[in-house]
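Have a look at the structure below, then the notes.
Remember, predicted model here, so these are calculated numbers, not experimental data.
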Amino acid sequence: MVDIPFSALEVAVVQAGSPAVDTLRDTAAFAQGLERLGYHRIWYAEHHHSPAIGAFPPVVLTTHAAASTSVIRLGSGGVLAPNHAPLTLAEQFGTLAALHQVRIDLGIGRGPGTFDEATARALRRGAGPTTDAEYAADVAAILTCLVDEVALGPLPEPWLLASSTAGAALAAALGLPVAVAHHIRPDNTLAVLDHYRSAFTPSRWCARPRVMLCVEAVCAETEEEAAWLAGPMDVVKAGLLKGVSDAPFPTPADAAGHPFTATERQALAGFRAQQAVGTPKAVVHRLAQLAGETGADELMLTTPVYDLGDRMRSYELIKNCSEATTAP
């Protein structure tokens, strides 16, 4: 039983054999489809210099989706604070909140959004990696700018993304809701949550600890089909394990023929066991487990599969099965 809101993280994969503009065209249809299904929010991730994931600014995708929807919450998951001036982010998302009222989120993260050092330096105008103190100052400055410099009306809802106890500590100190990247570092999830909840300080943004758990979820009618659809992301992850991100998102057929090493297969199997891949009942059962183990207030599902239709079908199967399970 999963009786908490479901949301979605869109990473905007660029399929092999298709131009990136096709991915952009899909974003509005994706947002409209999830709104019809009753999903609570969609967030857009910031990535750079990756053939498999589009370098589409979250603020632009949020703007595009907001123009074609009316109810679903939209925002960044996240914008990466070190890549942007705090006032710029406050102005962008403050303007979106003024235009679309109480359905804009500002999820803030730290990483560079790329594995390429030259790209990271270009984004940061030649600067090196951000220190903990610099990142904390950037986040605090964004929040201050929202209140003191923008304040055009309803403010965007700020969240902090975290995959480590350092991120959890900052979210707790600032009194922000936290989005935990279980889909990236699942082994850190419980430590992140313990640290966040034990150190949380109430603020104008959040009166109590508030947790969103992001989980990779791929659902299909059969276990075999779900594994087939999840195959392309396994290829991408195998590359990331080696620090390589130099190919478009493969088709399921190409992924099925990929020569994984024994070490890669073991690592991928271990990772998948901590996510939610399979039939509707299996996925919803796993999501219920994760919600119970973590006490999450909301689950954000990321479904990196090749085809938009398959991605939408996965979200539909999960939502329908969850509602059937929780019905009286």
Side-chain angles (χ1 to χ4, degrees), residues 1-11 31 34-35 37-46 58 62 65 71-81 93 102-111 139 143 155-200 202-203 205-217 274-276 283-284 286-304 315 318-319 322:
M1 182 181 226
V2 189
D3 194 19
I4 57 177
F6 280 177
S7 295
L9 174 65
E10 174 61 287
V11 296
L34 288 199
E35 184 172 69
L37 289 171
Y39 277 78
H40 184 54
R41 69 180 94 223
I42 303 172
W43 280 1
Y44 300 97
E46 179 179 346
T62 300
V71 177
I72 195 167
R73 295 191 67 92
L74 300 159
S76 56
V79 287
L80 304 174
F93 284 86
V102 291
R103 63 186 191 110
I104 299 299
D105 300 329
L106 173 53
I108 305 167
R110 175 174 178 171
V139 177
L143 299 176
L155 293 175
E157 185 173 272
W159 289 73
L160 203 70
L161 279 60
S163 61
S164 69
T165 54
L170 181 58
L174 295 173
L176 293 177
V178 69
V180 181
H182 184 82
H183 68 303
I184 296 176
R185 299 179 69 181
D187 292 342
N188 281 8
T189 295
L190 294 181
V192 166
L193 291 175
D194 287 345
H195 203 93
Y196 172 68
R197 289 186 172 119
S198 65
F200 184 83
S203 73
W205 307 107
C206 202
R208 62 168 183 83
R210 188 174 167 203
V211 173
M212 181 192 303
L213 191 74
C214 190
V215 182
E216 186 172 307
Q274 299 187 72
Q275 307 301 318
V283 168
V284 169
R286 177 59 180 147
L287 293 175
Q289 281 184 323
L290 287 169
E293 291 167 2
T294 62
D297 301 290
E298 183 173 338
L299 292 173
M300 177 165 275
L301 313 182
T302 182
T303 304
Y315 281 104
I318 293 170
K319 196 71 165 61
S322 174

Ignoring hydrogens, what is the shortest heavy-atom contact between [X] and [Y]? Give both atom names and the distance.
{"X": "S163", "Y": "A181", "answer": "CB-CB, 4.0 Å"}
{"X": "A296", "Y": "R197", "answer": "N-NH2, 4.2 Å"}
{"X": "V284", "Y": "S322", "answer": "CG2-N, 3.9 Å"}
{"X": "C206", "Y": "R208", "answer": "SG-O, 2.9 Å"}
{"X": "G77", "Y": "W43", "answer": "CA-CE3, 3.5 Å"}
{"X": "G38", "Y": "K319", "answer": "O-CE, 3.5 Å"}

Distance in Å, [X] [atom1] paired with [Y] [atom2], rounded so as to fall on 0.5 Å steps:
{"X": "T62", "Y": "L106", "atom1": "OG1", "atom2": "CG", "value": "9.5 Å"}
{"X": "R286", "Y": "I318", "atom1": "CZ", "atom2": "CD1", "value": "13.0 Å"}
{"X": "L190", "Y": "E293", "atom1": "CG", "atom2": "CD", "value": "7.0 Å"}
{"X": "Y39", "Y": "L299", "atom1": "OH", "atom2": "CG", "value": "10.0 Å"}

**Message:** Does this structure show an ion pair linking R41 with E298, if we count only N-O contacts that are shorter than 4.0 Å?
**Reply:**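 Answer for the salt bridge query: yes.
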[X] versus [Y]: any side-chain heavy-atom pair under 4.5 Å?
{"X": "Q275", "Y": "P186", "result": "yes"}
{"X": "D297", "Y": "I4", "result": "no"}
{"X": "P156", "Y": "D105", "result": "no"}
{"X": "R103", "Y": "L74", "result": "yes"}
{"X": "L176", "Y": "Y196", "result": "no"}
{"X": "L287", "Y": "L301", "result": "yes"}
{"X": "H182", "Y": "C214", "result": "no"}
{"X": "S76", "Y": "W159", "result": "no"}

**Message:** Before you tell me yes or no, could you show the steps for I42 and L9 under side chain to side chain contact (heavy atoms under 4.5 Å, CB included), namely the whole-Å CA-CA distance, both residues' side-chain angles and the distance that decides it to 0.1 Å?
**Reply:** CA-CA 6 Å; I42 303 172; L9 174 65; over 6 Å; no
Please answer whether the main-chain N or O of [Y] pairs with a side-chain N or O of [X] as donor and acceptor at a distance below 3.5 Å.
{"X": "E10", "Y": "A45", "answer": "no"}
{"X": "R73", "Y": "I104", "answer": "yes"}
{"X": "S203", "Y": "G175", "answer": "yes"}

**Prompt:** Of all residues at least two apart in sequence or in a different chain, which pass the side-chain hydrogen bond (donor to acceptor under 3.5 Å, both in side chains) check with D187?
**Reply:**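 Residues passing side-chain hydrogen bond (donor to acceptor under 3.5 Å, both in side chains) with D187: Q274.
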**Message:** So, using side-chain hydrogen bond (donor to acceptor under 3.5 Å, both in side chains) as the criterion, who are the partners of T303 when residues are at least two apart?
**Reply:**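 In terms of side-chain hydrogen bond (donor to acceptor under 3.5 Å, both in side chains), with neighbours along the sequence ignored, T303 is linked to Y315.
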**Message:** Run the side chain to side chain contact (heavy atoms under 4.5 Å, CB included) test on F93 and V79 for me, step by step, so that the C-alpha distance in whole Å, both residues' side-chain angles and the decisive distance to 0.1 Å come before the verdict.
**Reply:** CA-CA 10 Å; F93 284 86; V79 287; 3.8 Å; yes
**Prompt:** Out of T294, V215, N188, L213, which residue meets the side-chain contact (heavy atoms from CB on, under 4.5 Å) rule with V180?
**Reply:**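 Exactly one option meets the side-chain contact (heavy atoms from CB on, under 4.5 Å) with V180, and it is L213.
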**Asked** Residues two or more places apart in sequence or in another chain: which of them pass ring-ring contact (aromatic ring centres under 6.0 Å, His included) with F6?
**Response**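 Testing F6 for ring-ring contact (aromatic ring centres under 6.0 Å, His included), a comparison that skips the adjacent residues, returns none.
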